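Here's the structure, in structure tokens; my notes come after.
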There are 2 protein chains.
Amino acid sequence: MISVEEQLKSMKQQMISKGYKSTIQREATMRVLLEHERDHMSAEDVYMRVKTRFPEIGLATVYRTLELLTELHLVEKMNFGDGVARFDLRSEDHEHMHHHMICSICGEVEEIQDDWLSELEQRVKREYGFNVSDHRLDFIGTFSSCKHGDCHRHRENAS
Amino acid sequence: MISVEEQLKSMKQQMISKGYKSTIQREATMRVLLEHERDHMSAEDVYMRVKTRFPEIGLATVYRTLELLTELHLVEKMNFGDGVARFDLRSEDHEHMHHHMICSICGEVEEIQDDWLSELEQRVKREYGFNVSDHRLDFIGTFSSCKHGDCHRHRENAS
DNA sequence: ATGTTTAATTAGAATGATTATAATTTAATA
DNA sequence: TATTAAATTATAATCATTCTAATTAAACAT
């Protein structure tokens, strides 16, 4: 695990090397993302969190920063079908996008960190002549625990 | 292959059996979907197509109908991350949601009709105690043909 | 057939997420 | 330190989708 400061430095460098400027607003936004690595925050969520530390920031700036970071492949932009885009840091040890389990009882989104798709990607290439650069795999269903009343979300929130 | 009329009849029956009414607006919408089975139309697309035959229909009705059909599992609602929901008929020979290849050059969306995920769904169940009821698998990348200038989309449109 | 009941439709307004605009500020570089 | 282009701010605009109130039409019983 690399420290937050180091990760931040590396992200800033990537920004600068691509010709973008490093600003305090962008830094504040990245810091929030680093501190909520796997929270699936919406742009609004990120905005509110950044705002507690940097109250004069504008919503549009957060949107533009998230867009930029997505372009640089530093964050991933997700869509769970509820009309809001969600964002997570894309850590260097996970090149590919991870998979999700979305609970239809409690709405909780949990991640699968492994990459289960390498084989299928080769198959896509063989059978369809399609070169995969990224993927998105979501499972919709229910956690056994949720079905039995011991809801997953409650357990998480309790911690 | 079943005829459009027969499919329509079956869809109407499913509607009625669940306590919903069969109206001409719903029928017109279903007819458009049947005639564009794999076109990944947005609600607006569907609306415009229905409107040519049934000009007095309202956009909200199309939205509500698509929502209802999704609820009945007769259509699937998709999200390719461009901010618009897209809809396709869910034909009876394909219970599960099919997979997609999304070309980052031409934007074309092509389908994979097989189900490649049964194994992985069992694995999710085993390893995470998560019961999958549906899934979503999209590959992002490029068709070899597109990379070589002979764009996929052009070939499709020419037909 | 007709009337009754209740859901569905219409048109238009409202909402909510996201993007664009114009004026101002700031980071990077000379 | 001055210059220049990009970034930010605040606000307005846009786009997809949903809601609302009034009206219409399906389904069913009489």
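Model, not experiment: these values are computed from the prediction. Order of the sequence lines sets the chain letters (A, B, ...), proteins ahead of strands, with each chain counted from 1.
A straight line from CE of B:Met48 to P of D:dC15 spans 13 Å, rounded to a whole angstrom. Distance, B:Asp82 CG to D:dT17 C1': 14 Å, rounded to whole Å. If you take CG of A:Asn79 and P of D:dA16, they are 15 Å apart, rounded to a whole angstrom. Rounded to whole Å, the distance from CZ on A:Arg64 to P on D:dT9 is 8 Å. Rounded to whole Å, atom P of D:dA12 lies 15 Å from atom CG of A:Leu59. If you measure from atom CG of A:Leu66 to atom C1' of D:dT8, you get 15 Å, rounded to the nearest angstrom.
Within residues 12-26 of chain A, the residues having any heavy atom under 4.0 Å from DNA chain D are, by residue number, A:Tyr20, A:Lys21, A:Thr23, A:Gln25, A:Arg26.
Residues B:Glu111 and B:Gln113 bring a donor and an acceptor atom of their side chains to less than 3.5 Å of each other. In this model, no donor atom of one side chain and acceptor atom of the other lie less than 3.5 Å apart for B:Glu44 and B:Tyr63. Side chains of B:His100 and B:Glu110: no donor on one and acceptor on the other come within 3.5 Å. Side chains of A:His135 and A:Glu121: a donor on one and an acceptor on the other come within 3.5 Å. Defined by atom type and a distance below 3.5 Å, a donor-acceptor pair is missing between the side-chain atoms of A:Thr29 and A:Arg26.
Side chain of A:Thr70 to main chain of A:Lys77: no donor-acceptor pair is present (N/O by atom type, distance under 3.5 Å, no hydrogens or angles).
Here B:Ile57 lies in heavy-atom contact (under 4.0 Å) with sugar-phosphate atoms only. Within the 4.0 angstrom heavy-atom criterion, base atoms lie near B:Ala60. If you check every strand for non-hydrogen atoms under 4.0 Å, A:Glu56 touches sugar and phosphate atoms only.
Between A:Gly58 and B:Phe87, it is A:Gly58 whose nearest contact on DNA chain D lies nearer the 5' terminus.
Using a 30° and 60° split on the angle between ring planes, A:Phe143 and B:Phe130 fall in the perpendicular class, above 60°.
Where DNA chain C meets chain A (any atom under 4.0 Å from a heavy atom), the bounding nucleotides read 5' to 3' are C:dA17 to C:dA28.
Taking the six-membered ring wherever Trp is involved, the centroid distance between the rings of B:Phe87 and B:His40 does not fall below 6.0 Å.
Between A:Arg86 and A:Ser42, the shortest heavy-atom contact is NH1-N, 3.9 Å.
Proximity of B:Tyr63 to the phosphate of D:dT18: no side-chain N or O atom is located under 4.0 Å from OP1 or OP2.
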